[in-house]
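Everything numeric here is computed off the predicted structure, so don't read it as measured data.
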Amino acid sequence: MYKTPNKYYEDNHKENSKLSFKAFQKRSEFWQGVLVASASLYGILVSLHDNFQEPLCTRVVFLCLIVVLTIGVSTAGVTLYNYAILLERHRQEVEKELLSALNKDALVSEVHTGLSKKEEFVEWLALFALLSTPFLLLAYTILRMYVN
């Protein structure tokens with residue numbers, strides 16, 4: 001038995017909480033910025049588009065652009081929500097580990113709480129869709145300028 005003092009548990013919990021919250025904050029801020037920018041671009045493109053006077057190929061590229069941007073905005077929103085839930089899930093896991101270590105009078109082991117495979121796929125899909133949007137926007141712009 002370790003006979004570990006309670007101060008050890010409190011210090012470990014505080015340090016872990018600070019680091020977890022900082023990491024969560026950075027990821028959340030990133031996804032909030034991405035979500036605002038992509039949703040704004042989506043709104044601008046939809047509101048300013050006039051598809052009746054464009055050739056079919058230009059309209060098809062615009063449709064692909066809108067579909068990819070819709071997927072990007074949707075998955076970015078889901079990813080932001082996943083990170084909000086991740087903070088609470090991590091807090092619960094840390095609390096469970098602290099109680100377990102306290103009951104066993106053992107040292108607290110590190111708790112790693114990450115995204116599930118589905119959540120990682122959604123984040124990857126959001127990044128892929130949003131990173132492919134500028135290329136589709138460039139193709140649409142070129143077609144609109146040079147195809148009559």
Going by the rule side chain to side chain contact (heavy atoms under 4.5 Å, CB included), which residues pair with Ile85 if we only count those two or more places apart in sequence or in a different chain? Tyr81, Arg89

OG1 of Thr79 to CG of Leu115: how many Å apart, nearest 0.5 Å? 8.0 Å

Student check: side-chain heavy atoms of Tyr140 and Met145 closer than 4.5 Å: no

Using side chain to side chain contact (heavy atoms under 4.5 Å, CB included) as the criterion, list what pairs up with Ser132, not counting sequence neighbours. Val68

Which residues pass the side chain to side chain contact (heavy atoms under 4.5 Å, CB included) test with Ile142, sequence neighbours left out? Leu138, Tyr146

Side-chain donor-acceptor contact under 3.5 Å, Tyr83 with Gln32: no

From Cys64 atom SG to Leu136 atom CG, the distance as rounded to the nearest 0.5 Å: 6.5 Å

Check the hydrophobic clustering (I, L, V, M, F, W, Y; side-chain heavy atoms under 4.5 Å; chains of links allowed) and say if Phe30 and Leu41 are grouped together. yes

Does the side-chain contact (heavy atoms from CB on, under 4.5 Å) test come out yes or no for Leu137 and Leu45, once each step is laid out? CA-CA 10 Å; Leu137 189 57; Leu45 285 175; 3.9 Å; yes

Scan for salt bridge (charged side-chain N to carboxylate O under 4.0 Å, His left out) pairs involving residues 23-36, sequence neighbours excluded, and state none if there are none. Arg27-Glu123

d(Leu63 CG, Thr58 OG1) to nearest 0.5 Å is 12.5 Å

Please report the shortest heavy-atom distance between Ala129 and Thr133, naming the atom on each side. O-OG1, 2.8 Å

Which residue pairs pass the salt bridge (charged side-chain N to carboxylate O under 4.0 Å, His left out) test with at least one member in residues 63-86, sequence neighbours excluded? none

Do you know the tightest heavy-atom contact between Leu35 and Leu80? CD2-CD2, 4.1 Å

Does some side-chain heavy atom of Val147 sit less than 4.5 Å from a side-chain heavy atom of Cys57? yes

Sequence neighbours excluded, which residues qualify as ring pair (Phe, Tyr, Trp, His ring centres under 6.0 Å) partners of Phe128? Trp124

Which residues, ordered by chain and number, are linked to Val60 in its hydrophobic cluster, where ILVMFWY side chains connect at heavy-atom gaps below 4.5 Å, directly or through other members? Leu56

Hydrophobic side-chain clustering at under 4.5 Å (ILVMFWY, transitive links): who's grouped with Val122? Put none if nobody. Val78

Can you list the residues that meet the ring pair (Phe, Tyr, Trp, His ring centres under 6.0 Å) rule with Tyr42, with sequence neighbours excluded? none

With sequence neighbours excluded, tell me which residues meet side chain to side chain contact (heavy atoms under 4.5 Å, CB included) with Leu125. Ile71, Thr75, Phe121

For Gln92, enumerate each residue passing the side chain to side chain donor-acceptor pair (under 3.5 Å) test, keeping only those at least two apart in sequence or located in another chain. Glu88

What one should report as the nearest heavy-atom pair of Ala126 and Ala76 is CB-N, 3.7 Å

Spell out, yes or no, whether Val46 and Leu65 are grouped together once hydrophobic residues are joined by side-chain heavy atoms under 4.5 Å, including indirect joins. yes

Does Lys96 offer a backbone N or O that forms a donor-acceptor pair with the side chain of Ser100 under 3.5 Å? no

